[in-house]
Peer 1: 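Once you've had a glance at the structure underneath, I'll fire off some questions.
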Amino acid sequence: MMNLEALQEKQKRMAKLVVVPPSGKGYLPKDEDIIFSLDIQYVGEDAYVAVDIQSYAGRKWGVYAAQTKAGMEYIPRYFCFREGPPLAKTIRKVIELSTMQPSLLIVDGHGIAHPRKFGVASWLGVELAIPSIGVAKRTLLPYETSPALFRGSSSPISLDDERVGSVLRTQDYVKPVFVSTGHQISLENTEAIILKLSSKYRVSEPIRRADHIARVYAKGETDRRAIFLGTLEE
DNA sequence: GCGACAG
DNA sequence: ATCTTGTCGC
Ligand SMILES: [Mg+2]
């Protein structure tokens with residue numbers, strides 16, 4: 001196991017570096033901007049990472065996948081230290097090999113909707129100095145009101161009276177997802193982007209593609225729609 | 001002290 | 001996240 005008190009201090013320290021713009025400010029997507037959407041599947045401590053690449057307008061550039069190691073064991077609230085390192089390592093490699101520079105990262109987990117305002121999306125955004133969004137399927141913080149039952153409805157998630165995220169309904173009558181700023185993007189734009197990308201299902205299309213490829217790779221299989229990079233060393 | 005707790 | 005069989009629905 002690890003020293004959780006030290007990791008907690010690291011989160012508090014790094015959380016001060018997170019940039020949370022007010023509505024109307026921060027990163028604003030343009031049609032040709034590149035979005036990296038990430039997911040990981042695990043086999044023990046082996047992490048099978050997938051990076052979906054598409055433009056904001058929807059042009060698909062493909063999916064890359066690589067195998068590396070989890071940062072540490074999974075402990076709720078310390079998830080950034082498990083999934084952050086393998087994501088960062090894979091993203092650096094994909095940028096190098098693809099020549100594509102992401103303007104935005106979409107992460108399967110929370111941003112600042114976290115007890116110390118430092119979820120994995122924030123960790124990754126700060127680490128790479130790239131705007132990031134956190135989208136989770138379950139919340140870590142309690143919330144008062146549920147959003148209306150229609151696609152696009154949202155309600156607040158707060159921490160000590162500070163707005164840190166939203167419960168967002170991405171499909172009519174379907175369970176909502178939980179979105180928050182990761183780094184350098186407003187909650188308003190975060191909601192708009194996730195809603196736009198979740199046109200068919202509860203989970204956004206690019207995250208679904210990343211999830212699928214990571215799953216295929218973890219099973220030792222392959223898929224012609226993706227580029228498999230093998231094991232990342234160091 | 002006990003249970004909950006993103007993926 | 002993973003473990004697992006069937007089942008419902010497009
Ligand atoms: Mg995931």
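Just so we're clear, the structure is a prediction, and the values are computed from it rather than from any experiment. Sequence lines set the chain letters: A, B, ... in the order given, protein chains first and strands last, and positions in each chain run from 1.
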Peer 1: Quick check with a 6.0 Å cut-off and a 45 degree axis cone: is A:Lys196 positioned over the face of A:Tyr56's six-membered ring?
Peer 2: yes
Peer 1: Atom CD1 of A:Ile40 and atom P of B:dG7: how far apart are they, to the nearest Å?
Peer 2: 13 Å
Peer 1: What is the distance, to the nearest angstrom, from the CZ atom on A:Arg202 to the C1' atom on B:dA6?
Peer 2: 12 Å
Peer 1: Which pair of heavy atoms, one from A:Pro86 and one from A:Ile40, lies closest together, and at what distance?
Peer 2: CG-CD1, 3.9 Å
Peer 1: Could you walk me through whether A:Gln8 and A:Arg77 pass the side chain to side chain contact (heavy atoms under 4.5 Å, CB included) check?
Peer 2: CA-CA 9 Å; A:Gln8 187 167 322; A:Arg77 310 191 300 290; over 6 Å; no
Peer 1: Any side-chain N or O of A:Lys137 under 4.0 Å from OP1/OP2 of B:dA6?
Peer 2: no
Peer 1: Could you tell me how far apart A:Phe178 (CZ) and B:dA6 (P) are, to the nearest whole angstrom?
Peer 2: 11 Å
Peer 1: Can you tell me the distance, in whole Å, between the CZ atom of A:Arg82 and the C1' atom of B:dG7?
Peer 2: 7 Å
Peer 1: Roughly, in whole Å, what's the span from CD1 in A:Ile157 to P in B:dC5?
Peer 2: 15 Å
Peer 1: Between C1' on B:dA6 and NE2 on A:His110, what's the gap in Å once rounded to a whole number?
Peer 2: 4 Å
Peer 1: Does the side chain of A:Asp223 reach to within under 4.5 Å of the side chain of A:Val63, using non-hydrogen atoms?
Peer 2: no
Peer 1: Would a 4.5 Å heavy-atom cut-off, applied to side chains only, mark A:Val18 and A:Lys117 as touching?
Peer 2: no
Peer 1: Strictly below 4.0 Å, heavy-atom distances to any atom of DNA chain B: list the hits from residues 209-224 of chain A, or just say none.
Peer 2: none
Peer 1: Got a minute to check which stems DNA chain C is part of, using Watson-Crick or G-U wobble pairs under 3.5 Å, three or more consecutive?
Peer 2: none
Peer 1: Tell me the interatomic distance from A:Ile75, atom CD1, to B:dC5, atom P, rounded to whole angstroms.
Peer 2: 16 Å
Peer 1: Evaluate whether the aromatic ring of A:Tyr74 and the six-membered ring of the B:dG7 base sit under 5.5 Å apart, centre to centre, with an inclination under 30°.
Peer 2: yes
Peer 1: Fit a plane to each ring of A:Phe178 and A:Tyr143, take the angle between them on a 0 to 90° scale, and name the class: parallel (under 30°), tilted (30 to 60°) or perpendicular (over 60°).
Peer 2: tilted
Peer 1: Please tell me if the side chains of A:Leu141 and A:Pro115 come closer than 4.5 Å, counting only heavy atoms from C-beta onward.
Peer 2: yes
Peer 1: A:Tyr42 near the nucleic acid: base, sugar-phosphate alone, or nothing, with a heavy-atom cut-off under 4.0 Å?
Peer 2: sugar-phosphate
Peer 1: So, is the end of the A:Arg116 side chain (NZ or CZ) under 6.0 Å from the ring centre of A:Tyr78 and within 45° of the ring's axis?
Peer 2: yes
Peer 1: Could you please name the option among C:dA1, B:dG7, B:dC5 that lies closest to any side-chain atom of A:Arg77?
Peer 2: B:dC5
Peer 1: Looking at every strand, decide which applies to A:Val43 at a 4.0 Å heavy-atom threshold: base, sugar-phosphate, or nothing.
Peer 2: nothing
Peer 1: Please give, in whole Å, the distance from B:dA6 P to A:Ile112 CD1?
Peer 2: 18 Å
Peer 1: Show me the pairs that pass ring pair (Phe, Tyr, Trp, His ring centres under 6.0 Å) and involve residues 197-234 of chain A, at least two apart or across chains.
Peer 2: A:Tyr48-A:Tyr217, A:Tyr217-A:Phe228
Peer 1: Scan A:Tyr48 against the nucleic acid and name what it touches under 4.0 Å (heavy atoms): base, sugar-phosphate only, or nothing.
Peer 2: nothing
